[in-house]
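Here the structure is laid out as structure tokens; the discussion comes afterwards.
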Number of protein chains: 2
Amino acid sequence: MDSRKEQILKAIIKEYIFGAEPVSSKTILNRYGLNVSSATIRNEMAALESLGYIKQPHISSGRIPASSGYRYYVDFLMDNDNIVDKFNVLDINTSNIKNIHNYLKEVAILLAGLSNYTVIITEEKKGEDKIHHLKLVGLLEDKALLVLVLSSQKVKDYVLSFLEKISEDELKKLTEILNYYLIDKNMDGITQELKQEIINIFPSNPLLVEEIFKIVLTALYEERNVDIIVEGLKNIFKLPEFNEVKKIENFINTLEDQSQLSKIFDNILGQEKGKIDIKIGDEIGLEELSDFSVIATNCSFCDGIQGKIGIIGPTRMFYEKNITLLESLFKQKEE
Amino acid sequence: MDSRKEQILKAIIKEYIFGAEPVSSKTILNRYGLNVSSATIRNEMAALESLGYIKQPHISSGRIPASSGYRYYVDFLMDNDNIVDKFNVLDINTSNIKNIHNYLKEVAILLAGLSNYTVIITEEKKGEDKIHHLKLVGLLEDKALLVLVLSSQKVKDYVLSFLEKISEDELKKLTEILNYYLIDKNMDGITQELKQEIINIFPSNPLLVEEIFKIVLTALYEERNVDIIVEGLKNIFKLPEFNEVKKIENFINTLEDQSQLSKIFDNILGQEKGKIDIKIGDEIGLEELSDFSVIATNCSFCDGIQGKIGIIGPTRMFYEKNITLLESLFKQKEE
DNA sequence: ATTAGCACTTCGCACCTCCGAGTGCTAATA
DNA sequence: TATTAGCACTCGGAGGTGCGAAGTGCTAAT
């Protein structure tokens with residue numbers, strides 16, 4: 001990727017984000033001052049296509065960005081221009097705020113209005129559940145069952161697969177270690193430090209410990225008292241590329257399905273607050289949302305209520321603007 | 001409306017509810033055993049059209065029901081067949097019920113699934129606001145200002161118009177009476193009986209008292225802590241007549257606008273619980289929803305939480321089934 | 001390495017035609 | 001007088017055609 005290719009890729013993405021139409025070599029020539037001819041740009045575009053960054057909807061049409069093109073853009077090319085009007089918590093309509101739920105709804109409505117995309121906020125009241133105890137049971141030589149008993153008497157089990165074989169003895173030892181450290185821990189207690197400590201004590205299979213921690217965290221997470229707020233569904237109708245009922249249906253279906261929705265936030269589960277996560281297209285992990293991108297972050301509200309805020313828009317979303325939006329929201333909350 | 005016209009109207013509505021396509025004279029002839037020819041049916045259809053019960057999308061097409069046709073059907077022709085699987089509260093997925101809000105969400109999801117339409121539930125926590133005092137101020141000879149001060153220090157004012165003139169003295173007298181009876185009353189205190197009592201004491205203008213009561217009730221109502229749950233948006237995509245993005249957009253836009261939504265329940269505000277209200281097309285009072293009907297009822301949940309449940313579907317909705325659905329929900333709640 | 005020029009491809013719009021479905025009307029019938 | 005058979009008429013929608021605009025890839029020249 002020489003500088004000229006990057007310039008052209010950036011031009012294509014900016015144009016496409018703005019106009020939602022395939023970008024031609026001529027457009028780039030006219031609007032971006034590269035001192036080369038359209039034929040040269042075409043050659044570079046062919047190169048960018050074979051690199052996988054852009055694609056053609058059909059032969060003899062202009063180019064549109066591919067997912068990896070957006071990823072390259074977000075990682076390397078994006079300007080951090082702060083043109084965006086700073087998000088202002090004061091703009092919230094305070095007249096119907098009577099509790100945290102109402103407040104979050106107003107935040108969602110405001111963010112949806114500012115971003116022009118759809119906003120998802122999860123409201124998570126601290127779950128009371130803790131690990132009561134857990135057990136690892138060997139199944140086959142490369143599989144084991146993780147049985148998890150929670151304080152609420154719920155029992156959950158998960159099948160673990162190992163890359164390498166593990167002996168019964170080792171499983172027993174790991175069970176003991178895990179119980180020693182995890183019993184009576186709630187979600188807040190399952191920290192990265194704790195994980196590291198256990199890996200130090202049980203160094204023979206760090207990947208397995210990683211996996212178990214992820215499962216335990218998810219299990220406790222599921223027992224939290226979660227409400228999901230979705231606002232700005234209507235904004236999808238402003239996007240010219242979603243001009244077919246089928247596409248809208250797909251979007252609404254997915255956003256009405258709570259179990260699917262929470263997957264959007266998989267990446268940031270347990271991550272530090274204020275860190276912005278960007279998932280592009282397939283990175284979301286939901287086939288139905290492969291035309292969308294998500295910008296999300298963890299957030300803590302008052303009274304021990306935590307949550308996640310996500311902005312979901314088309315892959316050709318205004319990344320800079322919406323990252324800035326979420327960042328400035330976070331900064332104001334911290335103050 | 002002789003019996004044969006009613007039979008034909010009923011046939012047209014049943015067919016259209018089922019198939020969403022204009023109904024022809026031949027269809028009626030084939031599927032409903034009227035011992036007349038299609039020509040006769042056509043004559044009757046022309047008559048029904050001039051009565052306003054049905055209409056033609058275009059000349060030389062079959063007939064579709066008009067709003068007043070549905071109204072006639074609901075009022076006079078509908079079979080109260082209880083084919084519907086009885087609504088069963090036990091079908092609710094209890095695993096994520098941790099509070100009343102979650103419970104209502106599950107009820108909404110279940111109802112949306114059973115009805116195949118969109119379900120709206122309002123969750124109204126008792127507002128603490130009471131009438132602090134009120135005042136009537138004469139403006140012009142047929143207008144006055146009603147100033148309402150609530151315990152929360154909120155001040156609201158409304159312009160009243162009278163059919164007949166009212167003197168300053170009478171306004172003063174009414175203000176005194178209203179203050180005597182309404183001060184320190186919360187929403188529950190504003191009863192029909194109280195209204196009747198005041199009308200008895202101040203018999204010169206019952207309509208005015210009615211209007212003031214409505215305003216007072218609405219004012220306190222607005223101060224309640226309301227949350228609105230909407231589930232089953234996706235069901236709109238199952239309706240063949242909503243096959244255009246514009247129509248879907250219109251629907252979603254309206255249902256995402258909380259201030260519009262509450263109008264759906266205007267009719268049943270303060271009505272007895274369990275009574276089913278049916279609004280067809282324009283009767284909803286929202287231009288955007290003129291292609292929809294609403295079946296709604298008041299409901300009380302636990303802990304003094306009240307609410308309203310509404311099923312919103314196309315005007316060609318399965319009225320019988322959904323009325324039964326709501327009724328059986330109510331019966332089970334009462335038990 | 002770059003570029004001018006050109007042949008080629010595809011999309012999408014506008015237009016046309018044709019067929020099926022359904023009506024309203026007229027004249028005949030019970 | 002109420003009903004009906006028959007027929008001309010209308011409309012929507014599916015399917016086919018033609019054409020221009022937009023844009024590319026390739027070749028040959030610089």
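First the proteins, then the strands, lettered A, B, ... as listed; each starts at 1. Small disclaimer: the values here were computed from a predicted structure and weren't measured.
- Atom CG of B/Leu48 and atom P of C/dT23 are 13 Å apart (whole Å).
- Distances from the side chain of A/Met45 to the nucleotides C/dT23, D/dT24, C/dT3 place D/dT24 closest.
- Counting only distance, with no hydrogens or angles, the side chain of B/Ser68 and the backbone of B/Gly52 share a donor-acceptor pair below 3.5 Å.
- Going from atom CD of A/Glu21 over to atom P of D/dA21 covers 17 Å, rounded to whole Å.
- Looking at A/Lys247 and A/Glu241, no side-chain N of the basic residue comes within less than 4.0 Å of a carboxylate O on the acidic one, giving no salt bridge.
- Rounded to an integer number of Å, the gap from CD1 of B/Ile64 to C1' of C/dA21 is 16 Å.
- A sub-4.0 Å separation between OP1 or OP2 of D/dT4 and a side-chain N or O of B/Thr40 is present.
- Taking a cutoff of 4.0 Å between a charged side-chain nitrogen and a carboxylate oxygen, B/Glu49 and B/Lys55 do not qualify as a salt bridge.
- Here the nucleotide nearest the side chain of B/Gln56, chosen from C/dG24, D/dT4, D/dG23, is C/dG24.
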query = In dot-bracket, 5' to 3', how would DNA chain D read with Watson-Crick or G-U wobble pairs under 3.5 Å, [ ] for crossing ones and | for pairs to another strand?
reply = ||||||||||||||||||||||||||||||
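- Annotation: of the two residues near DNA chain D, A/Lys26 and B/Val36, the 5′-most nearest-nucleotide partner is B/Val36.
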message = I'd like to know whether A/Ile236 forms a side chain to side chain contact (heavy atoms under 4.5 Å, CB included) with B/Glu249, so could you lay out the CA-CA distance, the side-chain angles of the two residues, the decisive distance to 0.1 Å, and finally the verdict.
response = CA-CA 9 Å; A/Ile236 184 122; B/Glu249 177 176 5; over 6 Å; no
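- As a whole-Å value, the separation of B/Leu29 CG from C/dG22 C1' is 14 Å.
- Between B/Ser61 and C/dT23 there is no side-chain polar atom (N or O) within less than 4.0 angstrom of OP1 or OP2.
- Heavy atoms of A/Ser38 sit nowhere under 4.0 angstrom from any nucleic acid atom.
- OP1 or OP2 of C/dG22 has not a single side-chain nitrogen or oxygen of B/Ser60 nearer than 4.0 Å.
- Ionic pairing of A/Asp266 and A/Lys263 is not present here: no N-O contact between side-chain nitrogen and carboxylate oxygen is shorter than 4.0 angstrom.
- The CD1 atom of B/Ile41 sits 16 Å away from the C1' atom of C/dA21 (whole-angstrom rounding).
- Using bins of under 30°, 30° to 60° and over 60° for the plane-to-plane angle, the ring pair B/Phe292/B/Phe251 lands in the parallel bin.
- For the pair A/Lys5 NZ and C/dT2 C1', the interatomic distance rounds to 14 Å; values are reported in whole Å.
- Each of B/Asn43 and B/Thr27 was assigned the nucleotide of DNA chain C with the nearest heavy atom; the assignment lying further toward the 5' end belongs to B/Thr27.
- Following rounding to the nearest Å, A/Asn35 (CG) and C/dT2 (P) show an atom-to-atom distance of 12 Å.
- Of the side-chain N and O atoms in A/Arg4, one or more sit less than 4.0 angstrom from OP1 or OP2 of C/dT2.
- Comparing atom distances between the A/Arg42 side chain and each of C/dC11, D/dG25, D/dC11 picks out D/dG25 as nearest.
- Taking the six-membered ring for Trp, B/Tyr53 and B/Tyr73 have ring centres at least 6.0 Å apart.
- To the nearest angstrom, P of D/dT1 lies 17 Å from CG of B/Asp2.
- The listed nucleotides are D/dC11, D/dT24, C/dT23; the one nearest the side chain of A/Ser25 is D/dT24.
- When each of C/dG24, D/dA5, D/dT10 is scored by its nearest atom to the side-chain atoms of B/Ile59, the top-ranked nucleotide is D/dT10.
- The residues A/Lys10 and A/Asp79 are annotated as salt-bridged, a charged nitrogen and a carboxylate oxygen being separated by less than 4.0 angstrom.
- OP1 or OP2 of D/dG25 has at least one side-chain nitrogen or oxygen of A/Arg63 nearer than 4.0 Å.
- Here D/dT4 is the nucleotide among C/dT3, D/dT4, C/dT23 with the atom lying nearest to any side-chain atom of B/Ser37.
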